[in-house]
Protein chains: 2
Amino acid sequence: MAYNGEEALRLAFEEKPDLILLDIMLPLLDGFNVCKRIREKMDVPIIMLTAKEAEVDKVLGLELGADDYVTKPFSAREIIARIKATLRRTKMQDRESEILTCGELVLDRGRMELFKGSAQIELTYREFTLVAFLLQNAGYVFSREKLLEEVWGYDYIGDLRTVDVTVRRLREKIEDDPGNPIYICTRRGAGYYLRRPS
Amino acid sequence: MAYNGEEALRLAFEEKPDLILLDIMLPLLDGFNVCKRIREKMDVPIIMLTAKEAEVDKVLGLELGADDYVTKPFSAREIIARIKATLRRTKMQDRESEILTCGELVLDRGRMELFKGSAQIELTYREFTLVAFLLQNAGYVFSREKLLEEVWGYDYIGDLRTVDVTVRRLREKIEDDPGNPIYICTRRGAGYYLRRPS
DNA sequence: AATTAATGTAACATTCCTGTAACATTTTGC
DNA sequence: GCAAAATGTTACAGGAATGTTACATTAATT
């Protein structure tokens with residue numbers, strides 16, 4: 001929450017929010033200028049709030065790069081709906097760029113593909129989900145319980161050792177020497193983690 | 001599970017749950033007030049349940065500090081998704097505070113790593129758990145009994161001297177001169193503590 | 001319906017962590 | 001200064017944790 005245009009700019013760059021609701025009528029620096037200056041540096045969704053219908057034309061005409069606009073007075077329901085819709089739209093675009101990397105490994109969530117260097121590695125669903133989760137949280141150690149919850153599903157019921165076997169199969173495909181893994185490593189007594197390149 | 005607002009308050013403070021699902025329509029004390037009073041004392045994620053769309057505005061307008069809201073009727077899938085998303089968000093914030101430092105020592109709980117300056121120190125599970133506990137309570141002296149309870153587990157049964165040996169192994173790895181420790185120190189007749197830099 | 005692939009379970013193998021015990025050293029109390 | 005208590009130190013065996021493989025079962029495909 002910012003109470004004037006300059007604070008809005010500062011907060012936007014500092015906090016890197018997922019989405020910005022931007023009023024036009026602001027002290028110090030109006031919404032038009034704030035929007036323009038944010039757009040110069042960031043690719044964050046912006047929804048503009050206008051008090052007067054007359055301003056709508058201006059929002060559209062100036063090609064500010066706002067993703068949507070809402071005219072006052074608006075209901076909470078309406079603004080929430082706009083926010084959701086905007087996030088859904090922008091997430092879609094993100095999906096294509098949902099690529100995780102760690103050293104030689106490159107993972108494309110959308111296409112469900114994993115590459116090691118230029119070579120594609122064929123993975124099954126479980127294997128892919130597991131490596132994707134570890135990659136997304138590279139460096140962090142996860143217990144078998146946590147992995148079952150996150151990868152298999154919170155309501156999955158089964159043996160903890162299932163994780164071990166899936167890890168083994170992953171190593172078979174990913175590691176040069178599955179006996180001495182350099183990607184999917186074990187922290188004895190704790191669980192597994194994906195080692196980041198040093 | 002609480003069946004009225006006052007019970008909800010009592011339970012929240014007693015049980016310290018990870019997350020609260022809070023209906024608005026409650027006997028004795030409604031959800032708005034429960035939420036407000038919990039927020040005054042605790043920083044627990046709260047998801048509000050509303051029967052009427054009209055209440056949504058109120059939830060948002062009152063700035064109760066609820067983390068999310070769901071309108072009835074909702075599917076199990078939806079509420080689970082909201083819970084997960086909320087927990088993920090709040091956990092993320094925890095991540096950064098998972099790092100403990102004391103002088104040259106830097107410990108990362110999530111990664112289960114300990115650094116002394118820029119050099120990483122390889123620790124076993126017990127060693128890590130022990131130093132993490134001492135670091136989190138730097139300066140405070142703990143008896144062998146207390147350490148067994150906190151680090152080994154309240155239900156652990158074994159020799160008190162086990163602590164000594166683990167401390168010895170830790171010193172071997174952490175101290176420049178394990179014979180004259182400057183980090184993990186002994187308070188004769190009492191126990192061990194981690195000395196804070198002077 | 002037959003075949004193939006995916007995945008969980010179980011059983012066996014291996015590693016290396018960790019507690020115990022035994023002895024050494026330091027400190028305390030008298 | 002001596003005995004006793006507390007702590008330091010070391011070695012080693014047992015076992016818990018993990019690795020590995022095989023097989024059964026389920027799901028997907030032909």
Next on the checklist: Between B:Lys36 and B:Glu40, does any side-chain N to carboxylate O distance fall below 4.0 Å?
Outcome noted: no
Next on the checklist: Do the side chains of A:Asp159 and A:Arg144 get close enough for a salt bridge, i.e. N-O under 4.0 angstrom?
Outcome noted: no
Next on the checklist: Side-chain heavy atoms under 4.5 Å apart, restricted to Ile/Leu/Val/Met/Phe/Trp/Tyr: what other residues fall into the cluster of B:Leu11, or is it alone?
Outcome noted: none
Item to check | ILVMFWY cluster membership beyond B:Tyr3 - transitive side-chain contacts under 4.5 angstrom | outcome: B:Met1
Next on the checklist: If you define the side chain from C-beta out and look only at heavy atoms, does anything of A:Glu175 sit under 4.5 Å from A:Asp177?
Outcome noted: no
Next on the checklist: Side chains of A:Leu49 and A:Leu22, heavy atoms from C-beta outward: is any pair under 4.5 Å?
Outcome noted: no
For nucleotides 25-27 of chain D, list the nitrogen or oxygen atoms of the protein found under 3.5 Å from its nitrogen or oxygen atoms, one pair per line.
none

Checklist entry - CG/B:Leu194 to CD1/B:Ile174 distance, rounded to the nearest 0.5 angstrom? => result 8.0 Å
Checklist outcome for this item: Residues in residues 120-135 of chain B with a heavy atom under 4.0 Å of DNA chain D, by number, are none
Checklist outcome for this item: To the nearest angstrom, the CG-P distance between B:Asn180 and D:dT7 comes to 17 Å
Next on the checklist: Testing the basics here: between A:Cys35 and A:Ile46, what is the closest heavy-atom pair and its distance to 0.1 Å?
Outcome noted: SG-CD1, 4.0 Å
Next on the checklist: Can you pull out every salt bridge (charged side-chain N to carboxylate O under 4.0 Å, His left out) where at least one residue sits in residues 188-198 of chain B? Sequence neighbours excluded, please.
Outcome noted: none
Item to check | Residue pairs involving residues 126-137 of chain B (criterion salt bridge (charged side-chain N to carboxylate O under 4.0 Å, His left out); sequence neighbours excluded) | outcome: B:Glu127-B:Lys173
Checklist entry - Toward the 5' end of DNA chain C, which comes first, A:Leu160 or A:Lys173, by nearest nucleotide? => result A:Lys173
Next on the checklist: According to ring-ring contact (aromatic ring centres under 6.0 Å, His included), who are the partners of A:Phe133, at least two apart in sequence or on a separate chain?
Outcome noted: A:Phe142
Checklist entry - Using a heavy-atom cut-off of 4.0 Å to chain A, what are the terminal contacting nucleotides of DNA chain C, in 5' to 3' order? => result C:dA6 to C:dC17
Checklist entry - Given the rule in the side chain to side chain donor-acceptor pair (under 3.5 Å) test, do A:Arg171 and A:Thr186 qualify, once you have shown the distances and angles that lead to the verdict? => result CA-CA 11 Å; A:Arg171 282 174 175 162; A:Thr186 304; 2.7 Å; yes
Item to check | ring-ring contact (aromatic ring centres under 6.0 Å, His included): pairs with one or both residues in residues 178-198 of chain B, sequence neighbours excluded | outcome: none
Next on the checklist: Once side-chain hydrogen bond (donor to acceptor under 3.5 Å, both in side chains) is applied, do any residues pair with A:Glu14, and if so which ones, sequence neighbours excluded?
Outcome noted: A:Arg10
Item to check | Residues A:Leu19, A:Ile83; criterion side chain to side chain contact (heavy atoms under 4.5 Å, CB included); working and verdict | outcome: CA-CA 8 Å; A:Leu19 183 143; A:Ile83 290 172; 4.1 Å; yes
Checklist outcome for this item: Nucleotide by nucleotide, nucleotides 18-24 of chain D touches protein heavy atoms under 4.0 Å in the pattern (B base, S sugar-phosphate only, - none) BBBBB--
Next on the checklist: Could you work out how much the helix from C:dA1-D:dT30 to C:dC30-D:dG1 bends, comparing the axis of its first five pairs with that of its last five, to 10°?
Outcome noted: 30°
